[in-house]
Amino acid sequence: MKVLLVDDEKELVTTLAERLNLRGVEAQWATSAEEALNRLQTESFDVAVLDVKMPKVDGLLLKKQIQERCPATKFIFVTGHGSSLDFETGASEVGRDYYLVKPLKIEVLIAKIKEALQR
Amino acid sequence: MAHLDGIGRSGVQFFGKMSASISHDLKNVLAVINENAGLLDDLCLMAGKGKPLDPGRLKRLAEEVKNQIRRGDRIITYMNTFAHSADSESVAIDLRELLGLLVELSSRHASMRGVRLEIDRSSDAVTITTSPFVLLNLLWRCLDYAMAAAGPGKTVELGAEKTADGARLRFRKLEGMDAAAGSFPAEPEGSLGRALSAEIRLDPGTRELAVSLPGKGQGE
């Protein structure tokens with residue numbers, strides 16, 4: 001399975017990609033929507049893990065742009081929102097099952113990636 | 001706390017927005033530290049299975065954790081300064097320091113909007129006596145307008161200068177001012193301005209927004 005991680009926190013996505021790769025998940029990363037869309041010109045991904053809040057183009061808009069190019073890609077959203085109210089608000093927008101809060105637990109992320117692939 | 005009575009909803013909204021933004025930034029710091037610690041764990045597990053540890057890789061991970069701790073410390077320091085800004089009704093404020101705090105507090109909002117913030121440090125430092133929280137609240141609303149008026153990919157320049165009867169704070173390079181015109185300044189800004197006896201003026205000629213504050217502005 002091939003996963004694209006998109007978050008404007010470069011240290012976060014690079015380290016997370018390395019950890020996923022160590023676990024046999026082929027992960028690549030981008031730090032902006034523009035960079036992510038550039039990657040999609042030459043390759044496709046089974047799952048995209050998107051930060052909800054990013055400069056210029058947020059995760060929700062990026063999802064639509066990726067879907068136009070790669071309709072088969074599945075999505076997981078990640079957020080830095082801290083409270084349960086924030087979680088409920090965000091989860092209602094993107095779906096509770098595929099909405100994770102930072103800091104991430106890698107086992108949970110991998111389980112969600114596998115679940116997303118079976119959707 | 002009487003100085004806060006008149007600003008009601010605006011003050012609470014301001015405090016809430018800043019707190020949410022700060023908590024978001026701190027979550028990101030923790031998330032990066034979490035991944036670095038996780039990778040250290042992974043490398044140790046692999047070392048246990050016979051794969052040698054790379055000291056250079058370990059050093060880079062330790063450096064990144066230290067970087068994030070410095071970042072977190074800076075966020076908490078300005079958060080603390082912001083929290084204490086509501087303590088006093090009237091204190092002497094170095095306006096350039098206050099602009100520095102405003103830029104730190106607004107950096108996430110600016111980044112989300114693709115706007116850069118720069119402080120013009122070419123003029124002399126100027127100090128004025130007023131309510132720091134109410135002034136920050138007013139300046140944040142002005143900056144919110146200034147970022148919309150500058151537009152994505154642009155820079156807003158902030159500066160402070162002494163005037164004959166006080167001090168002036170400026171938001172410059174608002175190239176998209178005409179398109180952003182309309183409801184600014186509105187009642188929240190008016191109410192904050194009255195609380196500080198400040199005057200808010202938009203100048204389409206020079207593409208700037210100025211806030212004039214009365215009082216004994218003291219230059220260096």
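Keep in mind that the numbers below use all heavy atoms, side chains included, and drop hydrogens, waters and symmetry copies. All values reported here derive from a predicted model rather than from experimental measurement. In what follows, chains carry the letters A, B, and so on, assigned in the order in which the sequence lines appear, proteins first and then strands, with residues in each chain numbered from 1.
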Item to check | chain A interface, residue from B/Q68, B/R57, B/M46 that has the most non-hydrogen pairs under 4.5 Å | outcome: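 Among the listed options, the one with the most contacts to chain A is B/R57.
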Enclosure of [X] [atom1] (heavy-atom neighbours >12, cutoff 6.0 Å):
| X | atom1 | answer |
| --- | --- | --- |
| A/E34 | CD | no |
| B/M79 | CE | no |
| A/K114 | NZ | no |

Checklist entry - Is it the side chain or the backbone of B/E64 that comes within 4.5 Å of chain A heavy atoms, both, or neither? => result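 When you check distances to chain A, only side chain atoms of B/E64 fall under 4.5 Å.
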Next on the checklist: For B/D42, which atoms come within 4.5 Å of any heavy atom of chain A: side chain, backbone, both, or neither?
Outcome noted: side chain
Checklist entry - Shortest non-hydrogen contact from A/P103 to B/A31? => result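 Closest heavy-atom pair between A/P103 and B/A31: CB-CA, 3.9 Å.
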Checklist outcome for this item: Scanning both residues in full, the closest heavy-atom pair of A/P55 with B/S111 reads CB-O, 3.1 Å
Item to check | Pair B/R71-A/E9, salt bridge (Lys or Arg N to Asp or Glu O under 4.0 Å): steps then yes or no | outcome: CA-CA 13 Å; B/R71 177 185 173 196; A/E9 290 282 336; 2.6 Å; yes
How long is the span from the [atom1] atom in [X] to the [atom2] atom in [Y], to the nearest 0.5 Å?
| X | Y | atom1 | atom2 | value |
| --- | --- | --- | --- | --- |
| B/K51 | A/L22 | NZ | CG | 8.5 Å |
| B/L39 | A/L16 | CG | CG | 10.0 Å |
| B/D41 | A/R19 | CG | CZ | 7.5 Å |
| A/M54 | B/M112 | CE | CE | 8.5 Å |

Item to check | A/K53 and B/R108: CA distance, side-chain angles, deciding distance, side-chain contact (heavy atoms from CB on, under 4.5 Å) verdict | outcome: CA-CA 10 Å; A/K53 297 277 182 194; B/R108 182 168 177 77; 3.4 Å; yes
Item to check | Criterion side-chain contact (heavy atoms from CB on, under 4.5 Å) on B/K27 and A/V101, from CA distance to verdict | outcome: CA-CA 9 Å; B/K27 274 275 197 180; A/V101 177; 3.8 Å; yes
Next on the checklist: A side-chain contact here means heavy atoms from C-beta on lying under 4.5 Å apart; do A/K102 and B/N28 qualify?
Outcome noted: yes
Checklist entry - Picking from B/N34, B/V32, B/N36, what satisfies side chain to side chain contact (heavy atoms under 4.5 Å, CB included) with A/L12? => result B/V32
Checklist entry - So which bits of residues 35-43 of chain A come within less than 4.5 Å of chain B, counting non-hydrogen atoms only? => result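 So far as heavy atoms go, nothing in residues 35-43 of chain A approaches chain B to under 4.5 Å.
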Next on the checklist: One pair to check against side-chain contact (heavy atoms from CB on, under 4.5 Å): B/E35 and A/L104. What are the steps and the verdict?
Outcome noted: CA-CA 8 Å; B/E35 291 315 320; A/L104 299 171; 4.0 Å; yes
